[in-house]
Amino acid sequence: MNVRTLIILVAACSLYVSGIAQARQPLILRAASYVAPDGSLIDNPIVRIHAGVIEDVRTTGEAPAGAVDFPGAVISPGLIDIHSELTAAGRNAESANVIEPEADAAHLLDRHHRDLQLLLSRGVTTAVIAPAGVNLVAGRTAVVSTWVPPSGKMTVAPGPMKLSLSPAAFQPDREPTSTAGALELLRRTFDAAKQRGGDDLLTMLAGGRLPVIAECPQRSDVTAMLQFAERYSLRMHLIHREDLLDLAPRLADRAELLIVPPLDMSAPFRILAGPAALHRAGVEVVFAGMTPQQHPDALRTSAALAVRFGLPPEAARRAMTISPARIAEIADVRGSIEAGRAADLVVFSADPLRLDARIIAVFVAGELVFGDPAILAHANPGGGT
Amino acid sequence: MRVMPSFIRSRCLSGILSVAGIAWLLAADAAHAQIRPLVIKDARIVRGPGDVVEGQSIRIKGSRIDAIAAGLETGFLTRTIDASGKTVTAGLIDVASNLGLSPGGDLSGSATHRVIDALDRYAKDPVIEALSQGVTTVFVTPPAGQGVTGMGAVLRVTPLGEITSRVLVEESALCASIGVTGAAGPVARLRAVADLEAKFRAAIDHRDAKEAYDEDLEEYEKKIKERAEKESKDDNKDDKKEKPEKSSAANEENGDKEKKEGQEKDEFAKPAEPARNPEAELLLRVLDGDVQLRVEAHRPEDILNLLDLAREFSIRLILVGASGGHLVAQQIADANVPVIVGPTLRPAIFEDSVYRYHDARNAARLAEAGATVYVSSGAIPGETRFLAFNAAQAVGHGLDAQTAFAGVTTQAARLLGVDDTIGRVARGMEADLVIWSADPLTDPAARVEKVLVAGTIVYDAKDHDPLRRTQ
């Protein structure tokens with residue numbers, strides 16, 4: 001080996017090692033306030049991040065030298081879109097079998113799709129990608145990170161199974177052709193699977209061992225699915241928007257969380273008041289973004305509209321962060337700013353519920369993935385405690 | 001029987017009348033707004049963009065703001081609203097709205113179509129909903145069609161009174177759209193712009209023809225007069241001979257004479273008056289700069305063609321929608337053409353969509369380049385209600401906050417030519433005010449509590465709670 005090759009090798013090694021060293025240095029963020037796990041805003045946080053994880057969050061004491069300061073800003077957990085067709089839209093509608101538990105959105109992902117960068121730039125760091133609702137049992141969703149490091153995997157975990165009573169699931173040339181028929185078919189299928197036994201997805205589903213999300217466009221779908229979920233002891237979360245005002249009292253003790261599709265500015269007031277009614281009934285609201293058909297800001301737009309119509313701001317902030325994490329069963333690693341969670345953070349110029357708040361920076365696993373790199377210029381890695 | 005002395009009787013009478021009069025005045029009836037002043041007390045007042053005062057009161061007399069000061073004294077007849085802890089802003093103005101139009105309207109407009117004639121006078125719910133979100137004035141745009149769609153009007157948002165009483169400006173701007181409905185391929189749109197151009201030329205031709213006609217008519221009448229004078233001299237000579245006999249024979253002779261004169265007149269050919277052309281008349285007012293021209297367009301090439309058109313005919317052009325405007329922001333700014341943008345966010349756009357150049361940063365980039373930008377609902381049904389949210393979203397995507405706020409208050413009023421009446425909270429302005437539970441510019445939980453239009457409370461949140469149904 002000649003001298004030149006040796007020098008290149010040494011240079012490469014030291015760069016590599018310093019890269020690792022860099023990643024090993026803690027990053028400390030300061031801001032005017034942050035979104036606490038209960039959704040409230042608490043002042044003067046000092047968030048310490050190390051190895052991609054939040055080590056510790058304090059609201060008292062001095063920030064160490066080398067902390068990155070965001071004056072006037074609000075640090076939020078990365079937003080989570082509980083129902084998306086990101087990177088898979090147009091390719092995720094396989095309608096050969098009405099019961100298709102083996103369909104898996106994880107097989108359809110495109111890690112180079114430009115929509116990922118769009119979502120990141122708007123603060124959405126995790127998305128649950130779903131197959132299209134063209135089958136009664138539409139398939140498995142996949143929990144993905146919208147930022148994929150070069151060597152990393154896009155899929156974080158398998159997500160809930162998706163059921164659908166949307167009109168697309170009812171096709172004229174096959175069973176079922178009505179909601180009643182659909183539930184009857186589901187019952188038969190579940191009973192048969194339980195009798196058969198085994199470890200296939202359908203049996204696990206029927207045995208209540210998988211979380212489920214269910215598209216229920218109509219009011220009657222909601223009540224029917226609730227009964228079905230109770231009968232089979234399913235961990236089921238419904239997706240519904242139209243009749244929440246009327247349904248809220250009945251959902252009171254029967255649903256812990258409910259997914260609300262995007263609220264937009266043309267919606268009637270009774271729909272916009274739905275989330276507040278849910279909250280009053282003790283049901284936790286979760287907003288779905290339905291990207292890419294909807295703009296990633298749909299989550300915050302839903303939140304802002306719902307707050308205008310009476311949803312408490314804390315509940316609205318939870319609805320974009322910890323509550324979708326609970327449905328996707330990843331709440332122990334994402335969705336809140338607490339020790340031990342992934343360092344997926346968004347720095348907003350103001351309360352994320354304000355639609356005029358701008359996004360200053362987005363961190364995923366402690367890495368700055370959106371925002372001016374100069375932000376970190378004065379960060380002093382290894383700033384001591 | 002004792003008769004009451006007359007002076008006691010008259011005192012009693014005047015006493016009864018005074019009591020009755022005061023009772024009448026004290027009755028809290030909207031009709032008495034003109035008589036009893038109203039004071040909104042101790043509020044945080046956003047008088048204009050960046051102009052905020054704390055703990056002041058607003059006195060309203062009739063329909064106008066009479067005073068804004070700390071500690072205004074309240075007389076015996078004054079009605080008060082305690083607004084401590086609340087924020088008062090001017091009513092918001094949507095410069096491109098669909099409010100009041102029935103859904104599914106006729107899509108084939110024309111220059112002579114007036115939006116005023118198409119308003120649904122029974123549509124109270126949309127009005128209440130818009131008020132509940134703080135919007136008190138709208139420019140109503142005719143539904144989009146191909147080419148010129150009609151004359152838009154500026155109206156107050158109020159459920160009271162006839163439509164005619166709500167009109168602030170009956171003929172505010174002539175509206176047109178290019179490539180929004182109907183054939184939207186590139187050739188069709190080129191043709192649409194060419195059609196507009198042709199219409200303007202036709203209007204100019206019409207004016208030329210009219211002027212030529214006027215000249216010719218003058219000529220003709222002069223000649224007729226000359227001939228008449230000449231013939232009356234001849235007639236006088238004849239009359240002197242024939243005066244005693246006004247016989248039918250004489251009349252017949254006169255008839256023959258007239259026929260002869262008629263034949264002679266035909267040699268002059270009375271000039272033919274150009275057919276009446278109301279559309280051309282209207283376009284001439286645009287060409288003369290009396291009326292603004294608004295054109296909705298959503299592609300950079302269409303925008304550039306419209307800028308050329310405006311330059312060629314010296315038209316006061318306003319662009320509406322202008323998706324893709326960010327790509328030609330400098331040209332728009334240099335041409336001094338204001339832009340009214342619609343919704344900041346749109347759902348997924350396909351390649352062949354009208355809005356394929358849509359960009360949430362459009363307003364921000366246009367403003368950065370120096371263009372005057374207004375955020376509106378884009379005349380999308382139902383979205384006037386959430387004008388404030390749309391403006392906030394534009395700010396969230398980079399538009400300067402003061403510019404956005406001005407675009408729904410002071411600057412919006414200036415665009416519509418009503419800035420001496422509405423748009424800011426100041427003495428002498430109409431009392432179009434919104435009382436919010438908190439600062440709407442910083443608190444996402446702020447809600448509208450009361451709205452006043454022309455000094456009358458036209459919306460009170462206590463009377464309209466969408467959640468009441470759940471009880």
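Proteins come first, then strands; the chains are lettered A, B, ... in the order of their sequence lines, and each starts at number 1. Treat the numbers as computed from the prediction; the structure is a model and nothing was measured.
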Practice problem: Might you point out which heavy atoms bring A:V307 and B:A445 nearest each other, and give the distance in Å? | Solution: CG1-CA, 3.6 Å
Quiz prompt | Contact winner vs chain A - B:G398, B:A391, B:A394, heavy-atom pairs under 4.5 Å | solution = B:G398
Practice problem: Indicate the ring-plane relationship of B:H397 and A:H295, choosing parallel, tilted or perpendicular according to the 30° and 60° boundaries. | Solution: perpendicular
Quiz item: What's the verdict on side chain to side chain contact (heavy atoms under 4.5 Å, CB included) for B:S132 and A:F269, showing C-alpha distance, side-chain angles and the deciding distance?
Solution: CA-CA 10 Å; B:S132 77; A:F269 279 12; 3.2 Å; yes
Practice problem: State whether the side chain of B:R385 and the backbone N or O of A:M265 hold a donor-acceptor pair below 3.5 Å, judged by distance alone. | Solution: yes
Practice problem: Output the option from A:L311, A:L353, A:D351, A:L355 having the highest count of non-hydrogen pairs under 4.5 Å with chain B. | Solution: A:L355
Quiz item: Checking side chain to side chain contact (heavy atoms under 4.5 Å, CB included) for the pair B:F389/A:L305: CA distance, chi angles, key distance, verdict?
Solution: CA-CA 8 Å; B:F389 282 87; A:L305 286 168; 4.1 Å; yes
Exercise. Please flag which part of A:P312 lies under 4.5 Å from any non-hydrogen atom of chain B: side chain, backbone, both or neither.
Key: neither
Quiz item: Between CZ of B:F405 and CG of A:D356, what distance do you get to the nearest 0.5 Å?
Solution: 12.0 Å
Self-check item: Donor-acceptor contact present, side-chain A:R358 to main-chain B:V395, <3.5 Å
Solution: yes
Quiz item: Can you pull the salt bridge (Lys or Arg N to Asp or Glu O under 4.0 Å) pairs that have at least one residue in residues 287-302 of chain A, sequence neighbours excluded?
Solution: A:R122-A:D297
Quiz prompt | Between B:L441, B:N390, B:T442, the one whose heavy-atom pairs under 4.5 Å with chain A are most numerous | solution = B:T442
Quiz item: If only atom types and distance count, is the side chain of A:R308 paired as donor or acceptor with the main-chain N or O of B:A446 below 3.5 Å?
Solution: yes
Quiz item: Would you say B:R365 has more than 12 foreign heavy atoms packed within less than 6.0 Å of its CZ?
Solution: yes
Quiz item: With a 4.5 angstrom heavy-atom cut-off, which part of A:A267 approaches chain B: side chain, backbone, both or neither?
Solution: backbone
Exercise. Inspect the surroundings of CG in A:D253 and state if more than 12 heavy atoms from other residues, nucleotides or ligands are less than 6.0 Å away.
Key: no
Practice problem: Counting only heavy atoms closer than 4.5 Å, note whether A:A357 contacts chain B via side chain, backbone, both or neither. | Solution: backbone
Exercise. Would you please test B:Q393 and A:T301 for side chain to side chain contact (heavy atoms under 4.5 Å, CB included) and show each step?
Key: CA-CA 9 Å; B:Q393 275 179 334; A:T301 308; 2.8 Å; yes
